[in-house]
Amino acid sequence: MSPQFPTRAPADPASSPLLGQLNDEQRAAVSLPPEHALILAGAGSGKTRVLTTRIAWLLSTGQVSPGGVMAVTFTNKAAKEMMTRLSAMLPVNVRGMWIGTFHGLCNRFLRAHYKLAELPQAFQILDTQDQLSAIKRLMKQHNVDEERFPAKELQWFIGGCKEEGMRPRDVPARSEDDRRKVEIYQLYEDQCQREGVVDFGELMLRSYELMRDNDPVREHYRRRFRHILIDEFQDTNRLQYLWIKTFAGDGNAVFAVGDDDQSIYAFRGARVGNMADFVREFGVSHQIKLEQNYRSYSNILDSANALIAHNKGRLGKNLRTTQGPGEPVRVYEAPTDLAEAQWAVEEIRHLVGSGLPRHEIAILYRSNAQSRVIETGLFNAGLPYRVYGGLRFFERAEIKHALAYLRLLENPRDDTSFLRVVNFPPRGIGARSIEQLQDAARAAGCSLHDAVSATTGKAGANLGGFVAKIDVLREQTQGLTLREIIEQVLAHSGLLEHYRAERDGADRIENLEELVNAAESFVTQEGFGRDAVALPVDELGQSPASQGIDPDQPLLDEPIASLAPDAETGETLSPLAAFLTHAALEAGDNQAQAGQDAVQLMTVHAAKGLEFDAVFVTGLEEGLFPSERSMSDLDGLEEERRLMYVAITRARQRLYLSHSQTRLLHGQTRYNVRSRFFDELPEHALKWLTPRGGAGQARSAFGWGSGYPSTRLGGSREAVPTVFANPPVPPQKAPPAHGLRPGMKVFHTKFGEGKVQLLEGQGDEARAQINFPRHGVKWLALSVAKLTPVE
DNA sequence: GCAGAGTGTCTTTTT
DNA sequence: GACACTCTGC
């Protein structure tokens, strides 16, 4: 037994130094007995702290060895955070533990059992882009009508099926279209299998199926992971829930932490219902609410509580704080989006002037498109800022190109990568040649790479040259270090040369050089140097046997995150294959220019889990926040409200809310009404910087709510028009004479009944965008079109 | 085969 | 207003 891990259970939980810093709720959660538990952790209630302290406490009280813990998060960032905090608490080799993202752990699991999972050991992972291009390619090959089945929709369909744990045969096909989609799903699966690649959903689904169907494997892992901890449980989808369930047998404990009020990912398959299901199906007897908020003053917290109280079916939680009311929540109405940005910039100047660091100030918005005008404002004011979101390092085109070459070295069957670079840099291989090649490959039932030898003529020569280049590179890079391999590929693929000749290729070359660095630090961090594989099973000394694990079972306590040796042969992935996996699973940082003290700009989604002294939530307008698409159903609206709740609870000291009467969106000026969320906030906590009313009076002025056309969607609240061509406080123009308003129903002699969506221009030039259910969206000149309002 | 013009689309995001 | 995609002329 390791001296660090006394086997006795602590007599008094409070006596452990780990628990001393916690409040009562937190301490109760951390020291729960080894049974299933659900921790409802409100915003700012110390969720990560409870999770990590729980692990530390289990380890230090000898209830489990590091190898017996599995902790699952959604993001790499959260996993890293957990590992960092944990190693600060205990002298434990966290890299050897199963702490990681769902996908990272699935990857590790599948690498270890690749034969059972019927995958090549060096299977590569398709990211979202790769997946889409694979689907498009497949659709072309099978003559799928792109009009009827857009590739994006199929991608969404396939991903959705996998998230539900469904293979093609499990998908109910009610219509002809459904049948076709399922057929394509099947073709896509066949294609991936043939090419030796898996997408993100497949990582999860396949490891779930292996756990479900293979008794020895399941028994092994169930015996092994005595404690399973899940972060952000409200964001789990159906498949992830099932996956967790297969790991949870008799005698192990699932510790789930989540907050139903912060569930903002239903749109990508998250099921808040998993929390209630968990309680029921696992017979959870320990439920603890963490309601003590350590982050915000009470004006901010009151606002958050009042807002979220409008949602139905909550598990029920109310945040409280011991801090005073603090500053009121400031509300501002701007005439234009630019003015809104300028106001925020002015406020930020004052804040910075009073000593607040710029990085403690965040400007949040609902959608990325809104950042531009704010950036302009900050830029003009000379305030440094940093925008989160957008392209990540491994998603950049030049990086994807380089990775495609590398993937072809590892796996020539990877047609997605083949097509990506077969003519990049341009080498005279056009669409025609590629089509012929694809036909040949299909006829021969082989990969594009292998089909090249069968092609003839000039096209054949060019293609042959390309394949030869790849094959030679593969030969030449045998036995080289990862760094050298990448350098060879960059030099001989022609990528560097190509970008050198390009006018603004300097950045791209810089990124390619950065790729070499990334590989270098990957090798160092993951310990790919020499003898990385043979680390002790369990750094802290407890042998698996002492855990009651069958010593005959293959043990998979591999210490290195992406380097799982084959359970039977001990064979491991090449550094290159491991690096490619790393690139897919961890797409890198969102923004290059880190470092300096800058104002933080991001979407509300991106802000989840973060906190700032001062937070601006901008663009609080109907149609934007809540977003237009969400307003048609109650679930969507409630998710928007949770999103707003997340936004509010990011603020520690100061919160600013703003909206604008007009906004340039998609190149058109839209007139927006202020968000309904303002009406759900407690008046006592707010301070209106502009007279309240303004857009608000629009409601009575136009009398909507009573005579307004309502969209009838089962059980939903009244759908509110999102765009006003005739604002109550018109910035400049006089109201138009045609009397049309967005949302109004009109009749057209040819197109029938339709709904006015947008209006623009004046007098003879006035036109309206109208959605006709039977004829689609049309732009009509009002001086010409004969439109009659429909009551 | 390729470059430039024209067209259509357009939440939120991690893996 | 930006990007991705398709079409067209060379």
Side-chain angles (χ1 to χ4, degrees), chain A residues 72-79 100-107 125-133 136 146-147 150-152 156 159 162-163 198-205 231-232 235-237 239-240 263-270 337 364-373 376 388-392 394-395 397 423-435 458-459 462 581-588 590 602-609 619 623-631 636 639-640 642-644 646-647 663-669 722 776-777 779:
Chain A
V72 198
T73 64
F74 274 87
T75 66
N76 291 300
K77 200 172 146 203
T101 62
F102 275 103
H103 294 88
L105 295 181
C106 285
N107 173 59
I125 299 164
L126 297 183
D127 67 14
T128 319
Q129 285 176 41
D130 299 332
Q131 188 190 25
L132 187 63
S133 57
K136 282 183 180 163
E146 279 232 44
E147 297 269 288
K152 277 244 173 69
W156 185 82
K162 291 190 181 187
E163 273 166 7
V198 299
D199 59 39
F200 289 128
E202 189 69 25
L203 280 174
M204 286 281 341
L205 182 51
D231 190 19
E232 306 276 15
D235 287 339
T236 51
N237 62 35
L239 177 58
Q240 283 156 342
S263 160
I264 54 173
Y265 286 110
F267 72 91
R268 65 171 199 219
D337 48 355
L364 309 183
Y365 34 81
R366 176 65 240 265
S367 75
N368 283 306
Q370 290 164 251
S371 76
R372 181 156 233 97
V373 61
T376 311
Y388 289 77
L391 264 199
R392 330 217 348 245
F394 285 110
E395 289 168 358
N423 196 35
F424 194 93
R427 48 175 73 88
I429 301 171
R432 180 88 49 84
S433 323
I434 290 168
E435 234 165 77
K458 190 158 155 255
N462 284 343
T581 298
H582 166 82
L585 285 178
E586 212 166 327
N590 257 340
M602 66 191 87
T603 63
V604 183
H605 282 93
K608 188 173 166 205
L624 251 183
F625 199 175
S627 90
E628 196 149 25
R629 303 259 282 258
S630 70
M631 296 193 327
E639 178 145 319
E640 294 290 305
R642 291 192 292 269
L643 195 55
M644 181 68 187
V646 168
R663 182 173 298 278
L664 199 61
L665 200 70
H666 303 321
Q668 285 168 323
T669 303
T722 59
V777 178
W779 273 106

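Here is how names work: the chains are called A, B, and so on, in the same order as the sequence lines, proteins then strands, and each is numbered from 1.
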For B:dT14, does either OP1 or OP2 sit under 4.0 Å from a side-chain N or O belonging to A:Asn76?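 A:Asn76 to B:dT14 OP1/OP2: no side-chain N or O under 4.0 Å.
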Would you say a side-chain N or O of A:Asn237 is under 4.0 Å from OP1 or OP2 of B:dT14? no
Should the pair A:His605 and A:Tyr265 be assigned to parallel (<30°), tilted (30 to 60°) or perpendicular (>60°) ring geometry? tilted
Which of these nucleotides, [options], is closest to any side-chain atom of [X]?
X: A:Thr75; options: B:dG1, B:dT13, B:dT14; result: B:dT14
X: A:Arg392; options: B:dT12, B:dT15, B:dT13; result: B:dT15
X: A:Ser630; options: B:dT11, B:dT15, B:dT13; result: B:dT11
X: A:Ser433; options: B:dT13, B:dG1, B:dT15; result: B:dG1
X: A:Arg432; options: B:dG1, B:dT11, B:dT15; result: B:dG1
X: A:Arg268; options: B:dT15, B:dT13, B:dT12; result: B:dT13

Can you tell me the distance, in whole Å, between the [atom1] atom of [X] and the [atom2] atom of [N]?
X: A:Tyr365; N: B:dT13; atom1: OH; atom2: C1'; result: 14 Å
X: A:Arg629; N: B:dT13; atom1: CZ; atom2: P; result: 14 Å
X: A:Gln129; N: B:dT15; atom1: CD; atom2: P; result: 15 Å
X: A:Glu146; N: B:dT9; atom1: CD; atom2: P; result: 13 Å
X: A:Leu624; N: B:dT11; atom1: CG; atom2: P; result: 12 Å
X: A:Leu364; N: B:dT13; atom1: CG; atom2: P; result: 12 Å
X: A:Arg366; N: B:dT13; atom1: CZ; atom2: C1'; result: 11 Å
X: A:Leu239; N: B:dT15; atom1: CG; atom2: P; result: 17 Å

Quick test of the criterion, 5.5 Å between centres and less than 30° between planes. Is A:Phe267 stacked on B:dT12 or not?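 Here A:Phe267 meets both the 5.5 Å and the 30° conditions.
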For [X], report the nucleic acid contact type (base, sugar-phosphate, nothing); a contact means any heavy atom under 4.0 Å.
X: A:Phe74; value: sugar-phosphate
X: A:Tyr265; value: sugar-phosphate
X: A:Ala587; value: nothing
X: A:Gln131; value: nothing
X: A:Asn368; value: sugar-phosphate
X: A:Asp127; value: nothing
X: A:Ser627; value: base
X: A:Lys608; value: nothing

Check step by step if salt bridge (charged side-chain N to carboxylate O under 4.0 Å, His left out) holds for A:Glu435 and A:Arg432. CA-CA 5 Å; A:Glu435 234 165 77; A:Arg432 180 88 49 84; over 6 Å; no
Any N or O donor-acceptor pair linking the side chain of A:Thr128 to the base of B:dT15 at under 3.5 Å?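 For A:Thr128, whose side chain was compared with the base of B:dT15, there is a donor-acceptor pair (under 3.5 Å).
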salt_bridge(A:Glu163, A:Arg268) N-O dist < 4.0 Å: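 Salt bridge between A:Glu163 and A:Arg268, a charged N being under 4.0 Å from a carboxylate O: no.
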Residues A:Asp127 and A:Arg392 bridged, charged N to O under 4.0 Å: no
Just by distance, do the side chain of [X] and the backbone of [Y] share a donor-acceptor pair under 3.5 Å?
X: A:Thr376; Y: A:Arg372; value: yes
X: A:Glu639; Y: A:Ala266; value: yes
X: A:Asn76; Y: A:Leu585; value: yes

Along DNA chain B (nearest heavy atom to each residue), the more 5'-positioned of A:His666 and A:Gly428: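 Result: A:Gly428.
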Pairwise 5' ranking along DNA chain B for A:Ile264 and A:Leu585, keeping only the more 5' one: A:Ile264
Over all atoms of both residues, closest heavy-atom pair of A:Asp130 and A:Ile125: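 Nearest heavy atoms, A:Asp130 then A:Ile125: OD2-O, 4.2 Å.
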How about A:Ser367 and A:Gln370: does a side-chain donor come under 3.5 Å of a side-chain acceptor?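 On atom types as modelled, these side chains qualify, holding a pair under 3.5 Å.
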Based on the glycosidic angle (syn within 90° of 0, else anti), state the conformation of B:dT11.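 Syn conformation for B:dT11.
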Reading DNA chain C from 5' to 3', where do the contacts with chain A start and stop? Cut-off is 4.0 Å to heavy atoms. C:dG1 to C:dC5
